[in-house]
Trainee: 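Questions regarding the structure given below will be posed in turn.
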Amino acid sequence: MTRRKKIYEGKAKILYEGPEPGTLIQYFKDDTTAFDATKKAILEGKGVINNRISEFVMTKLAGIGVQNHFIRRLNLREQLIREVEIIPLEVVCRNIAAGSISTRLGIPEGTPLPRSIIEFFYKKDELHDPMVTEEHITAFNWAATQEIDDILAMTLRVNDFLTGMFSAVGITLVDFKIEYGRLYEGDFSRVILADEISPDSCRLWDSTTNEKLDKDRFRRDLGNVIESYTEVARRLGIMKEMPTVIQGGITGDTP
Ligand code: TMP
Ligand code: ASP
């Protein structure tokens with residue numbers, strides 16, 4: 001295999017130069033971190049599952065007109081994506097109180113919110129991704145007012161679609177985090193969905209038992225992390241071959 005140029009390495013993914021200008025290859029690692037990477041583990045097979053789940057979700061979202069960076073999956077761990085200029089915001093959408101909103105506002109976990117709430121966090125590890133408002137975002141030029149409006153509208157569409165998609169397979173979408181990027185076309189740019197959508201970036205609870213099927217299993221040491229991610233994939237009707245893949249050794253995947 002020829003050596004490819006690494007463009008960026010994050011905690012859970014690596015971006016390599018793509019085959020054509022304007023494209024990148026997004027590689028999903030098994031590395032798992034929480035609490036600003038103070039807690040770390042390698043969960044064998046996680047990257048393979050998240051690659052597939054993100055492919056599935058991004059493809060469905062494109063189908064309802066939510067433009068995103070996904071082009072096609074290349075192999076077990078890699079997907080071809082459009083290169084965008086990442087907007088340095090984590091956009092969190094919540095339907096039910098959990099995690100940081102529960103702590104911050106004293107709302108018991110599991111309390112349905114009066115309506116879906118969108119929050120912005122500034123992507124800056126050194127500062128522990130602080131929550132920011134539209135005032136900060138526009139004042140510091142992280143995004144323009146029109147871009148924020150587009151982000152809010154797209155995030156609500158993503159939320160509506162994902163809520164229905166998961167609910168159909170017995171999963172409650174508690175909250176999720178997404179990221180956006182700018183795609184340049186001549187003098188213009190538009191905001192499209194980027195990054196990933198997977199159990200690493202969503203809270204997903206079994207609708208009947210409220211059992212957690214997401215990264216909180218890792219954050220809170222609940223065990224069975226991979227089993228839960230696999231269950232999400234299974235319910236969505238993807239990765240039927242997963243058990244064989246695991247037994248066959250996921251590390252041996254080649255492009
Ligand atoms: P929070 O309750 O910790 O603010 O998390 C809200 C949602 O965002 C939850 O689904 C987990 C996800 N998330 C990430 O994807 N990355 C992060 O770094 C954090 C803090 C949360
Ligand atoms: N991924 C983040 C980190 O490593 C936090 C999280 O998802 O909880 O710090």
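Both ligands and their constituent atoms are indexed starting at 1 by order of listing. Quick note: numbers below take in every heavy atom, side chains included, and nothing from hydrogens, waters or symmetry partners. From a predicted model like this one, the values you see are computed outputs, not experimental measurements.
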Trainee: Measuring from each atom of ligand 1, which residues have a heavy atom under 4.0 Å away?
Mentor: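 Contacts of ligand 1 under 4.0 Å: Glu90, Val92, Arg94, Ala98, Gly99, Ser100, Asp175, Phe176, Lys177, Asp200, Ser201, Cys202, Arg203, Arg219.
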Trainee: For atom 2 (C) of ligand 2, what's the nearest protein heavy atom and its distance?
Mentor: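 Of every protein heavy atom, Lys11 NZ, 3.9 Å lies nearest to atom 2 (C) of ligand 2.
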Trainee: To which protein heavy atom is atom 4 (O) of ligand 2 closest, and what is the distance rounded to 0.1 Å?
Mentor: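 Here the closest protein heavy atom is Thr33 OG1, 2.3 Å.
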Trainee: Compare every heavy atom of Glu196 with every heavy atom of Ser54, then report the nearest pair and how far apart it is.
Mentor: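 Distance-wise, the nearest heavy atoms are OG-CA, 3.3 Å.
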Trainee: Looking at Tyr16, is Arg4 sitting on its ring face, NZ or CZ under 6.0 Å from the six-membered ring centre and within 45 degrees of the normal?
Mentor: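 Yes - Arg4 lies over the ring of Tyr16, closer than 6.0 Å to its centre and within 45° of its axis.
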Trainee: Give the residue and atom name of whichever protein heavy atom lies nearest to atom 9 (O) of ligand 2, and the separation in Å to one decimal.
Mentor: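 Checking every protein heavy atom, the shortest distance to atom 9 (O) of ligand 2 gives Asp36 N, 2.5 Å.
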Trainee: Are a donor atom and an acceptor atom from the side chains of Tyr180 and Thr155 found within less than 3.5 Å of each other?
Mentor: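 Per modelled atom types, Tyr180 and Thr155 side chains form a pair under 3.5 Å.
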Trainee: Which atoms of ligand 2 sit under 4.0 Å from any heavy atom of Ala37?
Mentor: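 Close to Ala37: 3 (C), 4 (O), 9 (O).
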Trainee: How are the rings of Trp142 and Phe140 set to each other: parallel, tilted or perpendicular (split at 30° and 60°)?
Mentor: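 Tilted, since the angle between the ring planes falls between 30° and 60°.
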Trainee: With heavy atoms of Lys215 as the reference, note each atom of ligand 2 found under 4.0 Å away.
Mentor: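 Under 4.0 Å from Lys215, ligand 2 has these atoms: 1 (N), 6 (C), 7 (O).
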Trainee: I want to check something: taking the side chain as every heavy atom from C-beta on, are Asp216 and Arg203 in contact at a cut-off of under 4.5 Å?
Mentor: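 Contact flag for Asp216/Arg203 side chains = yes.
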Trainee: Can you list the ligand 2 atoms lying under 4.0 Å from a non-hydrogen atom of Arg219?
Mentor: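 Listed by number with element: 6 (C), 7 (O), 8 (O).
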Trainee: Cut-off 3.5 Å, side chains only: do Tyr27 and Asn51 have a donor facing an acceptor?
Mentor: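 Per modelled atom types, Tyr27 and Asn51 side chains form no pair under 3.5 Å.
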Trainee: Name the one of Asp125, Asp30, Asp31 that satisfies salt bridge (charged side-chain N to carboxylate O under 4.0 Å, His left out) with Lys11?
Mentor: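 Single salt bridge (charged side-chain N to carboxylate O under 4.0 Å, His left out) partner of Lys11 among Asp125, Asp30, Asp31: Asp125.
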Trainee: Hey, does Asp200 come in under 3.5 Å of ligand 2, counting only N/O atoms on both sides?
Mentor: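 Min N/O separation from ligand 2 is not below 3.5 Å for Asp200.
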Trainee: Are the side chain of Thr33 and the backbone of Lys40 linked by a donor-acceptor contact shorter than 3.5 Å?
Mentor: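 Checked: no pair found.
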Trainee: Assess whether side chain to side chain contact (heavy atoms under 4.5 Å, CB included) is satisfied between Glu78 and Gln26, documenting all intermediate values.
Mentor: CA-CA 5 Å; Glu78 294 178 333; Gln26 178 165 254; over 6 Å; no
